[in-house]
Amino acid sequence: MTTTTTTPQAAAAAESLRGKHGRDGITSAVFAAVLWLCLALICVFLFFILAVIVQKGVARLDLNLITNQPSKIRAETAGVQSALFGTLWVGAITGLIAMPLGIAAAVYLEEYANPLKWWNRAIELNIQNLAAVPAVIYGILTLGFVVRGPVSIGAVVLAGGIALALLILPVVIITTREALRSVPQEIRDGSLALGATQWQTTWRQVLPAAVPGIATGSILAMSRAIGEAAPLILVGATTFVTFNPDGLLSRYTTLPVQIYNLVPQDRDAFRDLAYSAILLLIVVLLAMNAVAIWLRNRYQRSW
Amino acid sequence: MTHVEPDLATVPETVGVPGAPHGIRVDLGGREDRTPAGEPDGVIELRNLEVFYDKFRAVSGVDLLFGSQEITALIGPSGCGKSTVLRCLNRMNDLVPGAHVFGDVTFHGADMYAPEVDVIEVRRRIGMVFQKPNPFPKSIYDNVAYGPRVTGMKTGNMDDVVEQALRGAALWDEVKDKLKQSAFGLSGGQQQRLCIARTIATSPEVILMDEPCSALDPIATAKIEDLMVELAKTYTIIIVTHNMQQAARVSHRTAFFTAAADEHGQRTGRLVEYELTGKIFGNPADKRTEAYITGRFG
Amino acid sequence: MTHVEPDLATVPETVGVPGAPHGIRVDLGGREDRTPAGEPDGVIELRNLEVFYDKFRAVSGVDLLFGSQEITALIGPSGCGKSTVLRCLNRMNDLVPGAHVFGDVTFHGADMYAPEVDVIEVRRRIGMVFQKPNPFPKSIYDNVAYGPRVTGMKTGNMDDVVEQALRGAALWDEVKDKLKQSAFGLSGGQQQRLCIARTIATSPEVILMDEPCSALDPIATAKIEDLMVELAKTYTIIIVTHNMQQAARVSHRTAFFTAAADEHGQRTGRLVEYELTGKIFGNPADKRTEAYITGRFG
Amino acid sequence: MLLIAAAWASVAVTIGIVVSLLAPTVTFFTHVGLGDFLFGTEWTGGFGDKFTWDDKSWGVLPLVVATFIITVIALLVAVPLGLGAAIYLSEYASERVRKVLKPVLEVLAGIPTVVYGFMALTVFTPILAHLVQFNTIHNMLSPGIVMGFMIVPTVASLSQDAMSAVPLALRQGSYALGANRMKTTLRVVFPAALSGIVAAIVLGISRAVGETMIVTIAAGSRAHLTFDPREGSQTMTGFIAQIASGDAPQGSPVYYSLFAVGALLFAITLLINLVSIRMVRKYRQAY
Amino acid sequence: GNNNDTPAGGDSSGEALSGQVVVDGSSTVEPLTAAAGELFKEEQKGVDVAVGTSGTGGGFKKFCAGETDISNASRPIKDEEKKLCTEKGVKFTELQVANDALTVVVNKENDWVDCLTVAQLKKIWEPNSTVKTWDQVDPKFPKEALPLYGAGSDSGTFDYFTDEINGKEGESRTDYNPTEDDNVTVQGVSGAKGALGYFGFSYFEENAEKLKAVKIDGGKGCVEPSVAAAQDGSYTPLARPLFIYPSDKGLAKKQVLSFVEFYLEKNQEIVEAAKFVPLTDEQKTKAKAELDKLKAQAAGS
Ligand SMILES: Nc1ncnc2c1ncn2[C@@H]1O[C@H](COP(=O)(O)OP(=O)(O)OP(=O)(O)O)[C@@H](O)[C@H]1O
Ligand SMILES: Nc1ncnc2c1ncn2[C@@H]1O[C@H](COP(=O)(O)OP(=O)(O)OP(=O)(O)O)[C@@H](O)[C@H]1O
Ligand SMILES: [Mg+2]
Ligand SMILES: [Mg+2]
Ligand SMILES: O=P([O-])([O-])[O-]
C-alpha cells in the first residue's frame, strides 16, 4: 500500500500525517506499563502465597491428614479429619439454610414485589446493607440468639451453620437476583401470554433458566463461608476435637478454626500440619471456584 | 441483533395501486378482492381507551373495532402507542408496573377488565406473538406443549396437539424429526413460527402480533406473512408493524396512530385514521397519514 | 432511547423531481444548481477496499473518490457495510478487534495506512460524528475543548476556540450562557450539534457522519441538515444515512451499497452505484438502486 | 406467603442484630458516658472482668484508631493496585486475557482470611522486618498490607464493571477526536465511571473495617493508642474476637463492652454503606 | 455424639463405652487433658473427648452453667466461682493432675539478663508501671525496648502470676500484649530482642530452642525452672499445681467417670506424653484417695 506517494502534493500530505505525537506515545506506553505492573504485582503476591503454602504444606499432605484425627502427642501423624468433616457439616447446614431462604427471597423481590412500594425498597436497601456487615457481627448475633439466649442450643455444629448462613444470606439473595434479572423479560412475557400463572412462569421458566447463575453465585458464597473462622470462633467451635460430627447437635471444629490453632504452635511438626491443612482448605476452595467458573462458562447463555 | 438485507430475488414484485396519490407502490398481494366492506364484525372493541404509565399518558381516546377473522394492522411512528394498545387487548399491561388502563375493552361484548374476569383465561383465548422470537429454553416439543400443560387444558393426546399446532404454523415438516431438540437450534424465522405454533396450541380466538417480522430476513418474513393470511381463515389477527409494505400486503384494515405533544410537551398517542387498508394506502383522508406513508417522517 | 415523532408543521414541503421514474418525491433543497459536474476533486480515495472482521468479509471491491467541499452520502440497506467503509476513512476500524483493511485508502494522495502515519493526526484531521449524540459527561465547554487539549494543538485562547467551534455548529447562541453546565442537559439535537462543534474544534478537513440524525426529531434533523450544507462550504463531508430523503436533500453525490450473499451464504457489501445525487434519485442506472429508493426493500 | 417470609427474613436478621446489640449496649452506657467511650484514650477491655465500671478505662479510641490505620494502609495498597488492574482489564486487556485474569483475582478473594493472617504474621512481618524496625512481632503495617491485597479483588472487580459500563460511544467519540488510549481512559472513561469506582472503594473500606482474623493474628491484642504502624494494636474486630473466644462472663463490664464495640462497628459499616448506596444512586443516570 | 451417653454405675472396666466428654478451661492444662483424651480413646474407641481453651476463669463460667463435664484449671477455684456453681446446683471435685512452673522467658539473643528477682518482676509488671526499657529495671541493663507478653485476664496463669508477683490477684499493668494463646507469647518473645513474657513450663520446654528461661530469685537465690524444682517446691514463688474439676453430673456419665479414672491411673504416662511436670508420690496418693471416694460415690448412686 505504499505505491501512491508519487506527486509532490501527496508527498506533502504524507509528511503532514507523520507522527507529531511521539512524546505522547512514551507517556502512554509508560502508563500501560504501570497498569500492567499493578496486575503483575497482584499475581506475584498470589503466586507467592500459594508457593509458600505449597512448599510448606506439601510435606505433610498425605493420607494421614484426612484419615487421622488431631493429636497433641503424635504431631508427625496427626490429621485434621474432624475439622474436614466439621467443615463439610457446617457447609452443608449453611447451604441448606441459606440457599432456599436466599433464593426464595430473591424470587419474591425480583418476580413478585412491586418495586414502587416502600417496604420492598426497604428490604432491598436492608439486604445491601447486610452484605457489608462484618462477619463477627453475625457471630455476636448467633451467640446471643442461638448458642445462648432464646434458642440456647449451645456451641454445636448447627449453631455454626446458622452463623455462616446468616452471613452469606444477603450475598445469595443479591447474586440470585442478578441471575433472575438476566433471564430476558421475553421469556416471562411469552409464558404469561400463553395463559400461565405467575407462579408457573417463575417455577417452570424463570428459575430453570437462572439455575447456572444461581449456582455460580451460591458456590462462591459457600466458598466464602467455608473459609470463615471469626464467626465460628465466636459461636464456640471447639479447638481440640478428635471425633467427626454425628448430628446437628454435635460439637465440632472446622478447618479454618483448626488452622487458627495449629499455625502458631510451637513444634515444627504441628506447623507443617497447619500448612497442609491450609493447602487442603485451599484445594477445596479452588475446586469450588473452578466448578463455579466452569458452570459460568458452560451455561453462559447469550439470549 | 443482526439486521438482514433482503435477497432481491425473493422480494415479490409490486404492483402500482391505482389512484395512489403520489405513485407510492404498495403490494396488496392480490387480496383486495377479500377486503370486507363496511363496519367489521367485531370481536374486540375499544372505546375511549386511555393508558397511563404512572403520570404519563401514553395513549388517549382510542376507539377501535377489530373484525373477526380479519387481519388488522396498527401502524404509526415509533412511540405512538401501538404496542401499548396491543398489550391492552390481552391485559399484558397488567404486568407493567405503573400501567393503568381506562375506557372500555370488550371481548364479544364482555368487559375484559371486569373484576370477575380471569386474566389467565383472557390470555389463553387471546394469544400473543412478540417482536423478537422468544422460544423457551426447552425442546421444540415442550415449547408447544407448554401452553396446554400450564393452562390445564383437557387435550387428548399431547403429541397430536403439538403436531396440529406445528402444522398450523407451517413448521411441522421442518421440525418433525427433531422435536426433542432445543428450540434455540432453529433459525429466527423458524423460531417465530414456533412461537406462533405455541400460541395456536392453546386454541386462542385472537392472535396479537407485535412487529413479528422486524427481526427476520425477507424470506422468513414472506413465510410469516403467508402464514398470517392462512391463519386469518381461522383466527382474528391484530398486528403491529413498522413496515408499511407489510401492512399493505397482509392486512384487511389499517389503523394509523401518531403522537402529538400537548402544551406541556407530553406526547400522547392518538388514533388518526382507521380504514380499509386499500383506502389508507390509496387515498388517506388525513394529511398526517399521507405524510407517513409517503415516507416523509417516521 | 426515545424516538421522537416529527411535528408535521416543520417537515419541509417536497418537490417532485422531474423525470424521477416512479414519482418518488425527493427534495433536493434547491441545491441542484450547486451540483458539481464530472469527477470530483478528490480528498480521500478508496481503491479496491476490502474489509474483514476476522474471517468475515464485510465489504469488498469498493472504489470511491470523495470530493473536496462536497457532501457525499452513503446509502444502502442495513448491514451492507456503510459504517464499515466510513470507519476506514479515519482508521476507526483500528479499534475494532479483528478488523482488517486491505486496498488503498489515500488522503490527498498519501497512503493513510502507511506505517509511519500517526493515526492520532489522521483522526484529528478527519473528524467523526456518530449516530447517537455522545457528548462526554463534562461541561459543554470542556466537551469542545477536549479535542484541542488531548491532541496538544497549539491554540491561542481556548475560550476563542470554543466559541468559534460552537458558532460553527450553530449552537453558540443557545449555550453561551451555560458553558459550564453539563452537556447532558442539552436536548438530543443540541447534543448532536455539540458533537459537531467538538469535531470542528480540532480543525479537521473532513467530517465523517454516521447516521447523525437517526436519533433526532424532525426539527433537530432539519437544523443539522442546514448545518451540514453550511459546513460543506469549509469542510468535506461524508455522511451515512438510512433516510433517502435526507441523502437527496443534502448531498451532492450518493454512493449506493448493497450486500449480496455468495455461494457459502457469506454476505459481502459492495458498491452498486456512485453518482451525482440527482442522477441516483432521478435516473438510477442499476435495478437494485431503483428497488431500494422506491422502498421495495431495506 | 412463603416467599415474602423469606424476604422478611433479611429484615429479621437486621432486627436480630440490632436487638442483640442494643440492650447490652444500653446497659454499657448506663455505666460509661458516651463521651468517655468515644473519646477516651485508654482501653482495658482486654483485661476482662478484672476491670470494673469505675476504672474509667473504657475509651474506645485506641481500637478505632488501630482499625483506621490498618484500613488506611490496606487502602493505600488496594486502591492503586485495584484501580490499575481494573483499568488494565477494562481498557487494555483482550477478551481472552480478561477471561483468564478475572478468576485469578477471584482466587485472591477466596483465600481464607485465617491464611492471610498467618501469612502476615509468619511471612510478611519477617520480610518487612528487614526494611522497618519493629519492636514486637505484632504491628499494623504487615496486616494492613496483606489486607490490602485481600480487598484488591473487591476494588478491582467492581471498578472494572463500572468502567466497562461506560458506553463504547464515549470512547469512540474520544478516539475520533484524536485522543490516544491513555487520554481516553483517564479523561473520559475514568471520570464517567467515578461513582461506581467510589462505590467499589467504599465497599473495600467496609470489608477492611470488618475484617477480623488478619488483625487478630498479626496485629496483636494490645489495645493502645498509637499512630505508628510499626507498633501493633488491637482493632475493634480483634477485641470482639478476643473477648468472645475467651468467653466473657455474662454481666461483667467487659461483657457489655463487647456489645458496645460491636454496635459501634455495626454503626460505622452501616454509615459507610449508606453513603456508598447514596453515591451510586446519585450518579447512576449519568449517561 | 452426645445423645448416647452411658449412665454410670456398676463396674465399668472392660465394658465398651460411648458418648462425649466435654472439657473446657485452662489453656495451660489443655494439652495435658487433650493427651489424656487421645490415650483414653485408644482404650475406649467410642468415647469422644472435646477440649476447649476458654481460660481457667472462662472455663468455670461454662462449667457452673452446666455446659461442660470437666473444667481444666491452672489455679484452685475461687470462692465467687464456688458460689456461682452452688447457685446453679453444680457439685464438683478438685483433682490435681500435674505440677507447673510458671516460666519467665526472654529472647535467645538477650545476653544481659539471666536471673530476675521478684522485686524486679514487680517493677516491670505492677499496675501503672512506667518501665519501657531494660535500663529502667536495672541501670546495668542496656537501653533496649521491653515489649511485654502475658496471659489474658481470663486465665489462671494471670491470676496466679499477678497474685505472686504483684501481691494482689488481678493487679497488673495493662499496656502489655495479653493473650489466651501462649503460642502468641512464644512468637512475640522470639520475635523481638528485648521482649519478655511468661507462661507454663511445658510451653517453655517445647520451645526451649527458641527462648531463654530466666532464673527467679524468690529470696533464696536464683533458681532455674525445672521438673525437679517444680516438684520439690524450691522454685518459689512461681511453682503451682494444675487441676481438673469434674462435676458430679458429669461423673454420673460412665464415660466421664472412666475418663477421670484413666486420667489419674495413667497419670505418669499422660504427663510424660504431654511433657508436663508429673505429680509427686505424695500428690499421687492424695489423688488416688479422692478417686476412690468418687468411685464409691458413683457405685452408691
Ligand atoms: N413500561 C413503560 N413505562 C413507561 N412508559 C412507557 C412504557 N412502555 C411504553 N412507554 C411509553 O409509552 C409511549 C408509547 O410506547 P409504545 O411502546 O406503545 O410505542 P410504540 O408505538 O409501540 O413504539 P415502537 O414502534 O417504538 O415500538 C412511548 O412514549 C413510550 O416511551
Ligand atoms: N465489529 C464487528 N465485528 C464483526 N462483524 C461486524 C462488525 N461490525 C460490523 N460487522 C458486520 O459487517 C457487516 C457490515 O456492517 P456495517 O455496520 O458496516 O453495516 P451498515 O451498512 O452500517 O449497517 P447499518 O445500516 O445497520 O448500520 C454486517 O454484516 C455486520 O454484521
Ligand atoms: Mg412497540
Ligand atoms: Mg451502520
Ligand atoms: O489458660 P490458663 O491456664 O492460664 O487459665
Side-chain angles (χ1 to χ4, degrees), chain C residues 83 86-87 89-98 118-139 142-153 165 182-184 191-192 194-204 206-210 215, chain D residues 83 86-102 159-200 278-287:
Chain C
S83 301
L86 197 72
R87 281 197 303 261
L89 306 182
N90 68 341
R91 297 189 53 179
M92 284 298 275
N93 270 336
D94 291 16
L95 302 167
V96 179
D118 179 5
V119 60
I120 304 292
E121 187 61 18
V122 168
R123 300 220 185 101
R124 194 188 62 67
R125 296 190 39 196
I126 305 173
M128 190 164 196
V129 174
F130 299 83
Q131 178 163 14
K132 246 188 78 197
N134 57 350
F136 302 129
K138 298 173 183 282
S139 71
D142 287 340
N143 260 280
V144 179
Y146 181 83
R149 281 179 184 152
V150 295
T151 51
M153 274 171 63
S182 164
F184 287 161
Q191 290 188 3
Q192 195 62 301
L194 177 64
C195 292
I196 295 174
R198 199 169 70 177
T199 305
I200 297 176
T202 61
S203 326
V206 181
I207 302 177
L208 312 176
M209 299 185 174
D210 194 349
Chain D
L83 290 188
I87 292 175
Y88 187 86
L89 287 178
S90 163
E91 305 299 312
Y92 283 77
S94 69
E95 187 59 38
R96 261 211 354 261
V97 171
R98 199 164 30 234
K99 263 215 157 104
V100 174
L101 285 178
K102 268 213 127 174
S159 311
Q160 192 225 309
D161 290 347
M163 284 190 275
S164 297
V166 173
L168 201 60
L170 287 188
R171 292 187 186 85
Q172 287 177 340
S174 172
Y175 287 127
L177 288 172
N180 59 25
R181 200 180 280 263
M182 177 180 83
K183 284 178 175 153
T184 303
T185 302
L186 289 181
R187 297 201 184 198
V188 174
V189 179
F190 196 84
L194 197 60
S195 69
I197 290 170
V198 169
R278 177 67 45 92
M279 209 119 63
V280 173
R281 282 263 165 81
K282 189 164 166 202
Y283 298 103
R284 187 145 50 191
Q285 306 98 328
Y287 40 76

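Letters A, B, ... are given to chains in the order of the sequence lines, protein chains preceding strands, and every chain is numbered from 1. The structure displayed is predicted, hence computed values, not measured ones.
Within the 4.5 Å cutoff, side-chain heavy atoms of Leu177(D) are placed close to those of Arg198(C). Contact annotation: the side chain of Pro137(C) approaches that of Leu170(D) to within less than 4.5 Å [non-hydrogen atoms, C-beta and beyond].
Atom OG1 of Thr184(D) sits about 7.5 Å away from atom CZ of Phe136(C), to the nearest 0.5 Å. Rounding to the nearest 0.5 Å gives a distance of 10.5 Å between CD of Gln172(D) and CD of Gln131(C). Interatomic distance, OH of Tyr175(D) versus CG of Asn90(C), reported as 13.5 Å (0.5 Å rounding). In this structure, Tyr146(C) OH and Arg187(D) CZ are separated by 6.5 Å, a value rounded to the nearest 0.5 Å.
Remark: the backbone N or O of Thr151(C) is not paired with any side-chain donor or acceptor of Lys183(D) at under 3.5 angstrom.
Judged as a salt bridge (charged side-chain N to carboxylate O under 4.0 Å, His left out), and not counting sequence neighbours, the contacts of Arg149(C) are Asp142(C).
With a 4.5 Å cut-off on non-hydrogen atoms, Pro135(C) touches chain D through its backbone but not through its side chain. Neither the backbone nor the side chain of Ser94(D) comes within contact range of chain C; no heavy atoms are under 4.5 Å apart.
Of all non-hydrogen atoms in Met128(C) and Ala176(D), the two that sit nearest each other are CB-CB, 3.8 Å. Scanning all heavy atoms of the two residues, the minimum distance from Ile120(C) to Gly178(D) falls at CG2-O, 2.8 Å.
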